[in-house]
Amino acid sequence: MSPFSQRALPATLAAQALHRTDPHTGAVIAPLHASTTFLRDENNQLVGAMDYRRPEGPTEQHAADILTALEGGVDARLFSSGLAAAVAVFDTVKPGATILAQTQMYYGAKKLLQRLDSDKRIHLALFDPSIDGDLAAKAREHEPELIWIETPANPGWAVVDVAGAAQIARETGAVLAVDGTCAPPCTTRALDLGADLVMHSATKYLNGHSDVLAGAVVTKAQNERWARLCDGHALTGAVPGSLESWLLIRGMRTLFVRFERQSANALALAQALQGHPKLEAVLYPGLPDHPGHAIAARQMTGGFGGLLSVVVKGGAPDAAKLAASTEVFLQATSIGGVESLIEHRKPIEGPASPTPDGLVRLSCGIEAEADLIDDVMQALERV
Ligand SMILES: *Cc1c(COP(=O)(O)O)cnc(C)c1O
């Protein structure tokens with residue numbers, strides 16, 4: 001890093017991709033290194049720092065360095081998807097040890113944990129983030145090796161107090177890992193709040209354009225667990241392609257402005273929808289009546305994000321109708337892109353999911369606020 005980079009604020013580091021230009025050409029934008037292999041000299045010594053692109057090439061390293069700087073960590077690894085990153089974290093847990101996670105969380109990660117549990121690889125214990133004190137009680141009862149939290153959590157946007165969870169983890173000897181996908185470092189720096197590891201589906205906000213599948217884990221410390229994770233990363237080979245890594249760098253440069261606009265759009269939409277006669281609830285951490293609002297206001301310093309859900313009074317049929325009736329919001333899964341997406345969530349998660357039948361998830365993009373509000377209002381009229 002240049003001396004400039006060491007004092008610059010995260011928004012500046014992101015915009016300038018760590019101020020890392022190409023010394024060979026003077027190009028302002030660092031190149032995409034596609035090479036899978038790297039030269040050795042006459043003494044069989046590597047000419048540069050790398051030898052083979054699994055585990056890491058220069059473009060992957062650059063993207064990982066940006067994320068490390070944004071999260072205030074000491075090291076990061078990129079993966080081929082968010083779930084591959086989650087697998088790498090779970091793989092650091094000793095056989096038979098307990099992972100404590102949320103009743104409501106990203107359904108893919110929960111399914112993965114349930115599978116590891118039924119295979120007897122780990123023991124899965126759950127806490128309900130909507131019950132005060134449940135995390136502390138379950139941590140004392142189960143003595144987990146790893147506490148895994150997601151905040152705000154899919155798809156009801158329950159907020160978990162990261163600093164509080166870190167305190168509980170310290171008291172019970174657990175490691176705290178945070179799925180930071182829905183609260184990227186422009187709004188929450190989980191490591192600063194006491195987490196040991198932060199995982200991201202970079203597919204979502206970090207890239208932000210719905211055109212890259214990638215994941216990442218950032219660590220607060222170099223330790224045995226991190227060494228095992230890096231080992232697993234290199235040995236299992238769930239690494240992103242160079243094009244994905246390069247696109248992720250480009251995506252992260254606009255993270256701060258995208259997130260600000262998405263947060264403003266979501267807040268305006270949530271406010272406009274509050275009290276709508278066809279809705280049972282509007283779930284958004286930015287609304288003062290959201291149960292997690294006070295904690296969110298404290299730990300989401302760069303905005304409450306673009307994600308909200310509504311629960312329609314008419315249940316599953318009306319939720320399906322709503323999701324099919326928008327014109328600006330595109331009906332598709334995923335979150336965090338610059339285009340707005342809408343989804344009737346329960347059919348995606350399956351019958352075992354605790355998600356209400358009438359829940360519709362909205363991911364606000366960066367379009368004009370009035371278009372988003374008008375769109376959902378006209379769709380609700382058709383319900
Ligand atoms: C999408 C998502 C994941 C999984 O990431 P992929 O990149 O799809 O593998 C994990 N956690 C959360 C919160 C997500 O939204």
Side-chain angles (χ1 to χ4, degrees), residues 60 63-64 67 71 76-91 99 101-116 129 146-160 162 177-185 187-188 190 195 197-218 233 236-241 244-245 247-248 251-252 255 259 262 266 283 285 292 296 300 304-309 332-337 340-343 345 348-349 353-355 359 361-365:
E60 289 70 47
L67 189 58
E71 290 285 10
R77 286 293 178 277
L78 295 190
F79 292 85
S80 49
S81 70
L83 276 184
V87 166
V89 175
F90 301 153
D91 184 53
I99 298 179
Q102 280 153 231
T103 47
Q104 277 261 332
M105 59 186 284
Y106 172 68
Y107 87 114
K110 189 169 175 188
K111 264 172 49 182
L112 172 61
L113 285 169
Q114 286 168 332
R115 202 175 93 131
L116 292 171
L146 179 77
I147 298 175
W148 176 268
I149 62 174
E150 176 188 333
T151 182
N154 270 283
W157 315 118
V159 176
V160 183
V162 179
V178 177
D179 180 342
T181 302
C182 300
T187 196
T188 300
L197 298 168
V198 181
M199 166 265 166
H200 284 280
S201 168
T203 313
K204 315 293 172 54
Y205 279 114
L206 292 181
N207 179 63
H209 293 73
S210 306
D211 53 10
V212 164
L213 199 66
V217 185
V218 189
H233 175 257
T236 60
V239 298
E244 278 75 10
S245 304
L247 284 169
L248 177 58
M252 287 192 288
L255 172 65
F259 195 81
Q262 287 164 312
L283 308 171
M300 300 183 81
F304 297 102
L307 310 171
L308 68 148
S309 294
T333 198
S334 202
I335 54 174
S340 293
L341 301 179
I342 188 166
E343 181 176 56
R345 194 64 190 160
I348 304 291
E349 299 186 355
S353 144
T355 296
L359 186 140
R361 186 178 76 177
L362 298 114
S363 173
C364 293

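Just so you know, ligand 1 is whichever comes first in the structure, and atom 1 is the first atom listed for that ligand. Because only heavy atoms are used, hydrogens play no part in the values below, and waters and symmetry mates are left out as well, while side chains stay in.
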Out of Cys364, Pro285, Ser363, which one pairs with Leu307 under the side-chain contact (heavy atoms from CB on, under 4.5 Å) rule?
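The residue from Cys364, Pro285, Ser363 that satisfies side-chain contact (heavy atoms from CB on, under 4.5 Å) with Leu307 turns out to be Ser363.
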Tell me which one of Ser201, Ser334, Pro240, Ser81 satisfies side-chain contact (heavy atoms from CB on, under 4.5 Å) with Leu213.
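For Leu213, the side-chain contact (heavy atoms from CB on, under 4.5 Å) test succeeds with only one of Ser201, Ser334, Pro240, Ser81, which is Ser81.
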Can you name the residues that form a salt bridge (charged side-chain N to carboxylate O under 4.0 Å, His left out) with Arg77, not counting sequence neighbours?
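Arg77 satisfies salt bridge (charged side-chain N to carboxylate O under 4.0 Å, His left out) with Asp75 only.
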Which pair of heavy atoms, one from Ala63 and one from Leu78, lies closest together, and at what distance?
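Heavy-atom minimum between the residues: CB-CD1, 3.7 Å.
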With hydrogens left out, which residues have an atom under 4.0 Å from ligand 1, given that only heavy atoms count?
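Answer by chain and number: Ser81, Gly82, Leu83, Tyr106, Glu150, Asn154, Asp179, Thr181, Met199, Ser201, Thr203, Lys204, Ala214, Ile335.
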Any chance you could measure Leu283, atom CG, to Arg361, atom CZ, to the nearest 0.5 Å?
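One finds 13.0 Å between CG of Leu283 and CZ of Arg361.
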Does Phe304 have its ring centroid less than 6.0 Å away from the ring centroid of Trp157?
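Phe304 vs Trp157: aromatic centres not under 6.0 Å.
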